[in-house]
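Following: one structure in structure tokens, then a few remarks.
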Amino acid sequence: PATKFPSVTTRVSKPKELMRWKAELREQMHDTEGWKSLETSFGVLKAIIVGTGQPFSKYVDGYLLELLELASLHINRFVREISFHTAAAIAETCEIDTLKTLAKRFCTLLAKGLSDNWSQVRYASSIATRHLLGRAIEAGFAKDYLPILLPPMCINRYYVAQGVRIYSQESWRTVMGTQGPALVAKYIDQVVDFYTSQAQADNHAVREAACACITELAIKVDRKAVSPHVEKLLEVLIDCFKDDSWPVRDAACSACGDFIRVFPTESSGKMSKLYRLWFGHLSDSIPTVREGAAIALGKSVEAYKEDAVSVVVSRLKVALPAVKEQKPDSKRLSGVDNVTQFGVARRVTGKEALKNSDQQMYSCGSLAPKMKKRGAGCMDHSFQRPAEPWEITDGALFLLRELSLQHAELVGQFIEQAAEMVSLRHYGHHVYLKQTFWKVVPVIAKNMGKRPFKRVMEPIMEPMFDTLVCNHRLAMHAAADCIEFLAKYLGNLVFTGRLTEDMKAKIRRSNLVHLQV
């Protein structure tokens, strides 16, 4: 039954009963609805601070800071947002001695805002952080508080919300200058601990940003500082490898590749687990994940040379002909769900409605409520279907491209077989495999060199020109780009000398290729 609240005229004789009513009323208020005059009052306070300027410093004390701390924890995100805008006004106008006295509590407060689930709150906190750190560095007391603010500032440079990301990047350049990597190395323990916690956050966008920041540690920060933390960071990335959100998996996949390339000795103990994960993602339903796994495997070849080559080539021999087993009813992106019908969400009632009540709120557009940190089952990917055979071959084509970067001489033996697999058209999605192949061929040709490639290019000619007239625009454009590249790379006379009359006729009919034949 609905809760009955007393009317204005009702006399309440028991204070405890009134307190209970008030508590129940607060619980029923939504996270995003207005909260009486609290937001407005903070807006007035902010205006007073800005208008008064430095003379307001005498009112900035522990009591005011406690008020801001309480507001920063408020259930209503608008109240949290305006509390950090008020903090930004204090940081910008307050006397430096007052700021120095309250700096530790102030930085702890801002660190909460920089990690909030709502982008608007993060943005407001980022404004306050820029003002505070800029003045603190000028006054010479920032070094004591950088360990608190530096890690969340790093994360927000890769945050999904564009406003937060761009502002944070500008703040980093403004406040840190060219000392960013050195400061991260100096406070590496705090940075690694924060990244580890953020990689386990409920918000998938935060987990993705954490993986991107971990990649940055391997690429940009002093190796001696990062080396003791490699094992811990790899464990974090391997955990993110099993995420329901494919951008998180993709970011973790790329980050692992960078880590083993920069820290091959420290990473050697994890390679058996990483190979298993990379090979699994090489047949993922998302094309960018397949490509990312291939790139990471290419970096493993760069790091471990012949040991990795034998593992990669053996996998290539199995994966490349997999499309032969493809049934006619092929699927693409079938792991992605559409939760609306004609743009309208269906109505939910009863137990299903209760299931969606009293849950954590996130920024608009966030997939966090649908994306768990990890699933269940042998692969820990609760959402995934078994890979389609054509997707396995598609991943193998990306792997062929990456292998050519380090061992071009090995790739030539697979060209004829790859052309044969691309020629198959008994299933519905053969055009996507063609599209991938004609995108990787120019890279392979360039890595192999002109003379070695000319020896093995004959089998690809007919499939390439068949794709040029296949009536699938993306595949046709990929084939056209490949034809024009080869004509320019090998020389127009050399290339056109290998064309049959039928191939020349297809070029004349096509409006995508501009060659003199």
Side-chain angles (χ1 to χ4, degrees), residues 27 29-32 72-81 83-84 108-126 151-165 168 190-215 232-233 235-253 255 286 289 335-337 339 345 348 352-377 379-384:
E27 288 176 1
M29 294 189 76
H30 195 266
D31 182 17
T32 56
S72 72
L73 300 173
H74 202 278
I75 186 175
N76 184 272
R77 65 104 167 165
F78 296 105
V79 174
R80 298 200 304 274
E81 181 183 2
S83 72
F84 285 108
T108 304
L109 168 69
L110 296 183
K112 291 178 186 175
L114 291 172
S115 304
D116 197 274
N117 269 328
W118 284 88
S119 303
Q120 295 89 338
V121 180
R122 285 188 183 236
Y123 186 77
S125 184
S126 297
M153 286 179 70
C154 286
I155 284 278
N156 285 336
R157 291 177 303 122
Y158 291 94
Y159 194 65
V160 65
Q162 189 176 17
V164 175
R165 183 172 66 251
S168 298
Q190 292 89 343
V191 169
V192 169
D193 289 341
F194 186 77
Y195 286 179
T196 301
S197 66
Q198 293 298 285
Q200 298 171 352
D202 289 334
N203 192 332
H204 71 100
V206 175
R207 301 196 299 273
E208 182 184 354
C211 290
C213 287
I214 291 173
T215 304
K232 180 179 181 180
L233 291 170
E235 282 295 336
V236 171
L237 293 173
I238 287 171
D239 194 41
C240 289
F241 239 126
K242 306 165 188 176
D243 205 280
D244 274 11
S245 171
W246 72 262
V248 178
R249 298 200 313 274
D250 195 24
C253 182
I286 306 296
V289 176
V336 181
D337 232 359
V339 294
V348 293
E352 192 173 0
L354 291 174
K355 181 181 177 183
N356 298 321
S357 302
D358 300 322
Q359 300 297 318
Q360 175 66 55
M361 302 292 291
Y362 298 89
S363 293
C364 298
S366 173
L367 301 176
K370 302 173 189 174
M371 294 298 177
K372 299 176 286 185
K373 284 176 281 189
R374 62 195 61 81
M379 285 295 290
D380 285 333
H381 307 154
S382 60
F383 72 98
Q384 276 197 319

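Small disclaimer: the values here were computed from a predicted structure and weren't measured.
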Taking all non-hydrogen atoms of both residues, which atom of [X] and which atom of [Y] are closest, and how far apart?
X      : Y      : answer
Tyr195 : Ile214 : CD1-CG1, 4.0 Å
Ile155 : Ala209 : O-CB, 3.9 Å
Thr215 : Ala251 : OG1-O, 4.3 Å
Cys213 : Cys154 : SG-O, 3.4 Å
Arg165 : Val160 : NH1-O, 3.1 Å
Ser119 : Ala161 : OG-CB, 3.5 Å

Hey, is the main chain of [Y] close enough, under 3.5 Å, to the side chain of [X] for a donor-acceptor pair?
X      : Y      : result
Ser125 : Leu110 : yes
Arg249 : Lys242 : no
Ser197 : Phe194 : yes
Asn156 : Ser126 : no
Arg122 : Asp116 : yes
Arg80  : Val121 : no

Would you check, one step at a time, whether the test side chain to side chain contact (heavy atoms under 4.5 Å, CB included) holds for Val164 with Arg157?
CA-CA 8 Å; Val164 175; Arg157 291 177 303 122; over 6 Å; no

Might you work through the side chain to side chain contact (heavy atoms under 4.5 Å, CB included) test for Asp250 and Ile286, ending with a clear yes or no?
CA-CA 9 Å; Asp250 195 24; Ile286 306 296; over 6 Å; no

Roughly how far, to the nearest 0.5 Å, is the [atom2] atom of [Y] from the [atom1] atom of [X]?
X      : Y      : atom1 : atom2 : result
Asp202 : Asn117 : CG    : CG    : 7.0 Å
Asn76  : Ser83  : CG    : OG    : 10.5 Å
Asp243 : Leu237 : CG    : CG    : 12.0 Å

Student check: side-chain heavy atoms of Phe241 and Val248 closer than 4.5 Å:
no

Is there a side-chain contact between Leu73 and Lys112, using heavy atoms and a 4.5 Å cut-off?
yes

Please report the C-alpha distance between Ser168 and Tyr159 in whole Å, then the side-chain angles of each, then the deciding distance to 0.1 Å, and finally whether the side chain to side chain contact (heavy atoms under 4.5 Å, CB included) criterion is met.
CA-CA 9 Å; Ser168 298; Tyr159 194 65; over 6 Å; no

Report the C-alpha separation of Gln198 and Arg207 in whole Å, then their side-chain angles, then the decisive distance to 0.1 Å, and conclude whether the side chain to side chain contact (heavy atoms under 4.5 Å, CB included) test is met.
CA-CA 6 Å; Gln198 293 298 285; Arg207 301 196 299 273; over 6 Å; no

